[in-house]
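Note: hydrogens, waters and symmetry copies are ignored here, and every other heavy atom, side chains too, is used. Residue numbers start from 1 in every chain, and the chains themselves are labelled A, B, ... in the order their sequence lines are given, proteins ahead of strands. In this text, all values refer to a predicted model and were calculated from it rather than measured experimentally.
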There are 2 protein chains.
Amino acid sequence: MLTKQQLEEFEAEAGMMYLDHISIDCVVFGFHEGQMKVLMLKSNNEEAWYLPGGFVMKQEPIEVAANRILATRTGLDKVFLKQFHVFGDPDRSKIHNEMYSEVLPAGNNFFTQRFISIGYYALVDFFNVIPTPDVFSEICTWRDLDDLPKFQLDHELIFRTALDTLRLQLSYQPIGYNLMPKEFTMPELQKLYETILGKKLDRRNFQRRILGFGILNKLEQTRKGGAHKAPYLYSFDLKKYQAALKEGLKSGW
Amino acid sequence: MLTKQQLEEFEAEAGMMYLDHISIDCVVFGFHEGQMKVLMLKSNNEEAWYLPGGFVMKQEPIEVAANRILATRTGLDKVFLKQFHVFGDPDRSKIHNEMYSEVLPAGNNFFTQRFISIGYYALVDFFNVIPTPDVFSEICTWRDLDDLPKFQLDHELIFRTALDTLRLQLSYQPIGYNLMPKEFTMPELQKLYETILGKKLDRRNFQRRILGFGILNKLEQTRKGGAHKAPYLYSFDLKKYQAALKEGLKSGW
DNA sequence: TTACAATTGTGTACCAATTACACCTTTAGG
DNA sequence: CCTAAAGGTGTAATTGGTACACAATTGTAA
């Protein structure tokens, strides 16, 4: 039987072990018409870019915190948002400390502590987003994947891990529901996949595969007005889409 | 430019947001000769079983903390240990609170706070392990997968998630290096996979698949002494094994 | 010493999924 | 009304996975 004294001793010792802060870093991938960008903020005292992030509040589930942080920076709610890794190397704090050494008092303070960071990634349509800077930033904006600035801290690793995870999960999870308009064409959806994967896919094989997932409804109408042959419109079958989200798809690209 | 005052204001506000504790929970899967068990501890003041766990210390990378916790409970070091999920539902604390309500003072204290838990799973040979209880437990022992006790807190969810993740990752990651003797036979390795997956596999297809990964060396000798035809011995090609760990294998079971 | 049971070694045929590839249709614009 | 550009669709070849059978080895029991 555990005594009250044992508990108190443990509590006293454990008090020395507290991890200082838990933050959430959120890699927000923005898509629109074949483009793919990532949301970044620029530090207001130097040329350093970082990912949207924030703290988890007491009594707030981390999932809720991630949504809150995303909503604050983008204005969006209820989008695809997925936890993918925890980053907890204490070296993070050192860099952070040096970064603010001009303004911070010496010794221990909030920013010299270590931040353990839970990585989430989100998929959004960047035309729906109003990028909003935080208190440390003067700029919050979309950056092109092939024109990325220098990252602060370990945010490059976080970004890279998010992208790898996303590409991997593309084989197991349906995506696109909140990235495409209600009705869209097959070439448009294919462009989304090609953008994420960073490579071209075969038109015919893509279509067979995607249709094989059984999450699309083919509509009667075609997209008129454009040049060339009018493509058919499709919409997501929300019920089947969500079932696939839960149970996963088969096989890979 | 960020002013010192802004920083101080932020720090004061952020102080209200600290997450209380980060813990690590470790699902230790033990294997030996076709058996699979999981390491559990029994609370010393009631019939409640839980998974090995502990806190992350200041300036300790979480990866190191996970290894330390595992080493403390098992005596093992440098085994397969993988982060798989973060559990952060604030309800965890409520249950915890009720659990210790007899010994704890009312109001806020260490144990009434929320614990965010980073889930790791480990794969070990349970014949190499000396299960060691912690201060809250009277028993630390291996439990059979098909004879599991009632779990404390959300440890059932953590266990379940670990098992699902392990089974999934079996398709992408080579395993077995620290679970098999230096030299082993194909049927022995197959038994390991069958144990993890909880189902029988075809002998011939298993062999073709495993050999196709290119991480095994077939040795000249056979395992003599047993009844029946002597099987060939194999060993892991450590270099290729580690490369496969990094780059992953293809396809699934 | 021999027959048997248990286990291992190995190869092949079938099916499903993936990849590679070609021809026809539609539409706008000159 | 001809052409260029894009979309619709089908088929053959390859690869990977599953199912399955027979021969060889070894200890044990007759």
*asked:* Within the 4.0 Å limit for protein heavy atoms, which parts of nucleotides 21-30 of chain D are touched? Write it as a string from 5' to 3', B for base, S for sugar-phosphate only, - for none.
replied: B--BBBS---
Distance in angstrom units between [X] [atom1] and [N] [atom2], rounded:
X	N	atom1	atom2	answer
Q190(B)	dT8(C)	CD	C1'	11 Å
N205(A)	dA20(C)	CG	C1'	7 Å
I210(B)	dG9(C)	CD1	P	14 Å
F213(B)	dG16(D)	CZ	P	12 Å

*Value rounded to 0.5 Å, distance of CD1 in I118(A) from CD in E63(A)*: 9.5 Å
*Does a side chain donor of either E156(B) or Y50(B) reach within less than 3.5 Å of an acceptor in the other side chain?*
no
_Distance alone, cut at 3.5 Å: any donor-acceptor contact between the side chains of D134(A) and S137(A)?_
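On atom types as modelled, these side chains qualify, holding a pair under 3.5 Å.
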In residues 30-37 of chain B, what donor-acceptor pairs under 3.5 Å come from side-chain atoms, sequence neighbours left out?
| from | atom 1 | to | atom 2 | distance (Å) |
| --- | --- | --- | --- | --- |
| H32(B) | ND1 | D125(B) | OD1 | 2.7 |
| H32(B) | ND1 | D125(B) | OD2 | 3.3 |
| K37(B) | NZ | D144(B) | OD1 | 2.7 |

List the atom pairs, donor and acceptor, that lie under 3.5 Å between side-chain atoms in residues 229-236 of chain A and the rest of the protein, sequence neighbours left out.
none

*With a 4.0 Å cut-off, would you call E47(A) and K150(A) a salt bridge?*
no
*Using a cut-off of less than 4.0 Å, is there contact between a side-chain N or O of K218(B) and OP1 or OP2 of dT10(C)?*
yes
*asked:* Closest-nucleotide mapping onto DNA chain C: is R208(A) or T185(B) further toward the 5' terminus? I mean the 5' end.
replied: T185(B)
